[in-house]
Every structure is written in C-alpha cells, then in structure tokens.
There are 2 protein chains.
Amino acid sequence: MNSVLVVDDDPHIVRALAITLKGQGYTVTTAMDGESALHAAAQRPVNVVILDLGLPDIDGTTVITRLREWSAVPILVLSARHGSGDKVEALDAGADDYITKPFGLDELLARLRAILRRSTESSDETTTIETSSFTVDLAKRQITKSGQDVRMTPTEWNILDILVRNPDKLITQQQLLTEVWGPAYAKEANYLRVYMAQLRRKLEVEPGTPRHFITEPGMGYRFVP
Amino acid sequence: MNSVLVVDDDPHIVRALAITLKGQGYTVTTAMDGESALHAAAQRPVNVVILDLGLPDIDGTTVITRLREWSAVPILVLSARHGSGDKVEALDAGADDYITKPFGLDELLARLRAILRRSTESSDETTTIETSSFTVDLAKRQITKSGQDVRMTPTEWNILDILVRNPDKLITQQQLLTEVWGPAYAKEANYLRVYMAQLRRKLEVEPGTPRHFITEPGMGYRFVP
DNA sequence: CCAAATCTTGACGCGCTCTTAACGTTCCCC
DNA sequence: GGGGAACGTTAAGAGCGCGTCAAGATTTGG
C-alpha cells in the first residue's frame, strides 16, 4: 500500500484530495503548513509528497530544499502560479513533477502513478534476505532464526530494515539517525550503539563478535549476508 | 555526459531542440517517426527520450508501450493536445512526464533535469574504481585487495575518496588538508605524509615503490589507476 | 488505571585512531 | 661533495568512539 503526504493550506483541497486518494487505495496523511509537513515527513516515511507551493509559513521551494537534505522521497508540486520561473525553481530544488492549478484529478492521479511506478521499480522487489544464521522477510516483517520467530520493536525494525535493504553497503551513522529518528537526532550516536547491541543480541550467533552487523569505526555500520 | 533521443515529426522543433540541448551539454540523436525512434533507441541506449505524441506512422502511446516492453528509459512526452485523457493514457502507458505545446524551453529543460536526476541516482553511477592491485567501491565504501576486504579509518577514507574520485589529477597538499582536516590545518603537511604512508601500506603491492599513489614533490599527490 | 514493553539517558572501561615528534632517507641546488 | 628541504617511517601518549549495562521516562496494551 502506497502512502501519500498531502501538504496544502486550503482545507477544501486537502479534504478533496484525501478522499480521492483514499478511494484509490492510498494511505493519506496531511499537513497545513511547511513546518508540520517537514515534521510529518520525518515522523513517518511516505512514498510520495504532494506539495502546494503557496504555504503560509515557509516558501514552498524552501520546503523542498529542506526535505531534500535528508530524504529522497518523490515530490509532486501543486501551484497556482503558471510562470515558468517558479516551475524551474521548484524542479531544480528537487521536485519531481509540477502541476498548475486548476488541475484535473485524473491527470494528478496519472502523474502520481507515473512517479510511484518509477520509484518502486528502482527499489528492489526481493523481499527475503537470508544469512547463515537468520532470515528476514521484508514484506511480512518477519524474522526467523533457527526456526524460531524473532520479535522486533519498531525502532529495531527500522534500523534492521535500512541495513538489510543495502547489503554490503556502509550506512553512515547520520543516515541511520536521520532516517529512523529524524534529522534533529543526527548527532545522537548513543542511540545507535544501544540498538545495534540489541540487534546483535537478537540475531547474531555470537553477539560479542558480530559476523553480519559490522561496525566501521567512526563511519557507520554494514550488513553482510 | 547525458544522451537524449528527440522524436518529433516537425523538423523545426527537432532542430530547435537539438541545438538547445547540445548547448546544454547533452548528446542528441533524433528521429522523425515512431519506427525509426524505436530502432534508434534499440541501436544506441540513451538516458532519456523526448517524444512527440503526434507521429505520422504509429500512435504515440503505442510507441511508449512498445518501448516499455524492453526498456526502462525515462520518457518525456510532448503533445499539442491538452485533453486530460491523452495525458492519463500516455502516463499510464509508461511515460514519466507530459508537457503540452506550446511549452517554455526553460520548463522543458528543468523537467529534463528532474527526470535525469532521479534516474541517475537510482542507477549506480560507475561507483567502482579498479586498479591492478585493488578495487574501490565508492557507493558501498568498500575496498578489496586480492579478495580480502581492507578496512579504512575515517581519515584514511576521506583522503582515498578525494584521490580516487580524481584519477590522474594532481591534488595539492592544501586541497587535501583543507578538505579532510579543515582550512586551519592547511600547513600541517606532516599529517599527509603519515596518512599517505598508511594508504600505501594497506593498498600498494610494494609500499616502498608506490605505483598508484604517486608523490609529486613540492606539489601534492596523484592517483593513477 | 495499572502493568509491561519500549525508548531515552547517563556512566564506565577498553581499544583504536589521531596527533605529534623524532629520526632516517632521498633528491636537488649550490 | 656538501647542505638543506621535502618526504618517508616509526613509535608513543592523548583522546575519542564504541560496546555494555542499568535505571528512569515514556508509551503501549489490557
């Protein structure tokens, strides 16, 4: 199920979009201004953001820029302005598409499908990752270790999810912290140490000498199947 | 360098687009109808296709569908028709964006940049550098030497990163020092000597007579693959 | 409203990395 | 051939980052 964050200061538009999108099977969260939009995006990751440029608090382009500092989520911009300058500015700031009001709902939905199609095809569809000591089913959110199911807390799962989706790749501490706790926690490396210890205790055969969750001192962590 | 395939039956538009795109640094190939467009796309892979819907031989949506049977290349559609039905049809067939004529050139270029940004960030952009004795994977932050992984400290990695991203190019000591340690350390050439020795000990076959990390006396260092 | 689970926060010891200095070597210029 | 500058090498102390544990705060679930 795809999740959408709708950002607009006009309650009517928000409501209309939310109803339409839910009717299409999307999960919808909403925000009325830039600050709460950024907060919402950090709080719960979404598959796509629909963003109105004319927000009461922050300039729309600034919202895009600040979102792009830590997230690669696709952004579809709505705007009442037809000027090409605004379009260029928003697109170059990191937006993926731009529709001018008034727009047709069917066009919006089609562009949404186009964006989501591309963003989901690039992410791997392999849902199960196996190692010598445990198995992770990303779709079912299920972990098995020597026949036994292993329970994970939400935070534990978030970390595991990121690491396992990027096998052999070094994930920096900043990446993990911003993706799991939000950009404000980018320096709280303590949290990582605590939770990496938890993950190892639950998944590694020998938590003291980890074989799958490798620490790269000073840099971050790496998952090796 | 990014390559673009421009497909339109109007010679003026093709010519104008080709000139503009080449001016922006793109490599441009052109086609005047659907069949030759499909042929050209198969002949030489491109990074993005700009496709006019009103072609003389095949319907534009059909071109998209047939292209999508084997290629995931991003498609930007141009069309004179403003009807939302056409847009939905083209986007659902597999197009990534849709602009109606007449369009602003700066908007077209901005949308092109947006499409390319997304497509290049998902596909790994030649992130591996190979030499006769070791391999560096910049995305994974992984170094392999004769089958064995080589660990690097943060400082070591920073230096290696800069050198490897600029093959054959001379990097001055000041550049390295300011980028790794900060501008205040621009005169601490000692640090460089210590860390270059570390890099060579870890990566060179014969650290005494380096073949990849060359010292340019009085100037700086050079990485030669 | 209570209990359990989960998250946050702080403290401590250990190992590794960075820094720094001293010494040996090479190369170039006089 | 001699002197000096730049570079390479090595080693040791200081400091930081990591793993670990535990207790308080917060949220969740019944």
Side-chain angles (χ1 to χ4, degrees), chain A residues 42-44 141 143 149-161 163 170-182 184-223, chain B residues 141 143 149-161 163 170-174 176-182 184-223:
Chain A
Q43 203 74 13
R44 194 145 61 96
R141 295 212 163 196
I143 301 145
D149 279 8
V150 183
R151 271 196 32 74
M152 286 286 165
T153 71
T155 310
E156 284 166 9
W157 176 263
N158 278 337
I159 297 172
L160 182 67
D161 187 63
L163 288 172
L170 181 117
I171 312 292
T172 64
Q173 304 181 1
Q174 282 208 358
Q175 271 179 277
L176 283 170
L177 288 165
T178 53
E179 295 228 15
V180 176
W181 281 274
Y185 292 74
K187 302 226 167 150
E188 299 284 351
N190 250 331
Y191 295 5
L192 276 185
R193 290 199 274 279
V194 172
Y195 277 93
M196 288 308 298
Q198 302 252 19
L199 281 183
R200 284 169 175 154
R201 201 173 320 138
K202 289 188 176 179
L203 296 179
E204 293 278 3
V205 180
E206 220 174 331
T209 57
R211 302 192 146 237
H212 299 108
F213 298 100
I214 308 298
T215 303
E216 301 279 355
M219 317 202 16
Y221 295 89
R222 186 196 304 276
F223 167 72
Chain B
R141 294 214 178 189
I143 301 146
D149 280 7
V150 183
R151 276 206 60 266
M152 288 285 165
T153 71
T155 311
E156 285 165 9
W157 176 264
N158 278 336
I159 297 172
L160 182 67
D161 187 62
L163 288 172
L170 173 81
I171 312 291
T172 66
Q173 303 182 0
Q174 282 209 358
L176 283 170
L177 287 165
T178 52
E179 293 228 19
V180 176
W181 281 275
Y185 292 73
K187 302 222 168 154
E188 300 283 351
N190 245 331
Y191 294 5
L192 275 186
R193 288 199 273 280
V194 172
Y195 276 95
M196 288 308 298
Q198 302 251 20
L199 281 183
R200 285 169 176 154
R201 197 173 326 133
K202 288 188 177 180
L203 295 179
E204 293 277 4
V205 180
E206 221 173 332
T209 57
R211 301 192 146 236
H212 299 108
F213 298 101
I214 309 298
T215 303
E216 302 279 354
M219 313 270 300
Y221 295 89
R222 185 195 305 274
F223 166 72

Sorted by chain and number, sequence neighbours left out, side chain to side chain donor-acceptor pair (under 3.5 Å) with A:Glu188 holds for none
Sorted by chain and residue number, the side chain to side chain contact (heavy atoms under 4.5 Å, CB included) partners of B:Glu179 (sequence neighbours excluded) come out as B:Ile162
From CD1 of B:Ile214 across to P of D:dG8 the rounded distance in Å is 11 Å
Which atoms of nucleotides 4-8 of chain C (N or O only) lie under 3.5 Å from a protein N or O atom, and what are those distances?
| unit_1 | atom_1 | unit_2 | atom_2 | d |
| --- | --- | --- | --- | --- |
| C:dT6 | OP1 | A:Arg151 | NH2 | 2.4 |
| C:dC7 | OP1 | A:Thr155 | N | 3.0 |
| C:dC7 | OP1 | A:Thr155 | OG1 | 2.6 |
| C:dC7 | OP2 | A:Thr153 | OG1 | 2.6 |
| C:dC7 | OP2 | A:Tyr195 | OH | 3.2 |
| C:dC7 | O5' | A:Tyr195 | OH | 3.0 |
| C:dT8 | OP2 | A:Trp181 | NE1 | 2.8 |

Rounded to whole Å, the CE-P distance (A:Met196 to D:dT20) equals 11 Å
Taken to the nearest whole Å, CD/B:Glu188 to P/D:dA6 is 15 Å
For residues 198-222 of chain B, the salt bridge (charged side-chain N to carboxylate O under 4.0 Å, His left out) pairs (sequence neighbours left out) are B:Glu156-B:Lys202, B:Glu216-B:Arg222
Below 3.5 Å is the cut-off: list the nitrogen or oxygen pairs between protein and nucleotides 15-18 of chain D, distance only.
| unit_1 | atom_1 | unit_2 | atom_2 | d |
| --- | --- | --- | --- | --- |
| D:dC18 | OP1 | A:Gln173 | NE2 | 2.6 |
| D:dC18 | OP1 | A:Gly218 | N | 3.1 |
| D:dC18 | OP2 | A:Gln173 | NE2 | 3.4 |
| D:dC18 | OP2 | A:Arg193 | NH1 | 3.0 |

For A:Thr155, the side chain to side chain donor-acceptor pair (under 3.5 Å) test, sequence neighbours excluded, returns none
From CG of B:Leu199 across to C1' of D:dT9 the rounded distance in Å is 15 Å
With sequence neighbours left out, the residues meeting salt bridge (Lys or Arg N to Asp or Glu O under 4.0 Å) with B:Asp149 are none
Side chain to side chain contact (heavy atoms under 4.5 Å, CB included) filter on A:Asn190, not counting sequence neighbours, yields A:Arg193
Quiz item: Are any of the side-chain heavy atoms of B:Phe213 and B:Tyr221 separated by less than 4.5 Å?
Solution: no
With sequence neighbours left out, the residues meeting side chain to side chain donor-acceptor pair (under 3.5 Å) with A:Thr153 are none
From CG of B:Asn190 across to C1' of D:dC7 the rounded distance in Å is 10 Å
Closest to the 5' end of DNA chain D, once A:Leu192 and B:Arg201 are matched to their nearest nucleotides, is B:Arg201
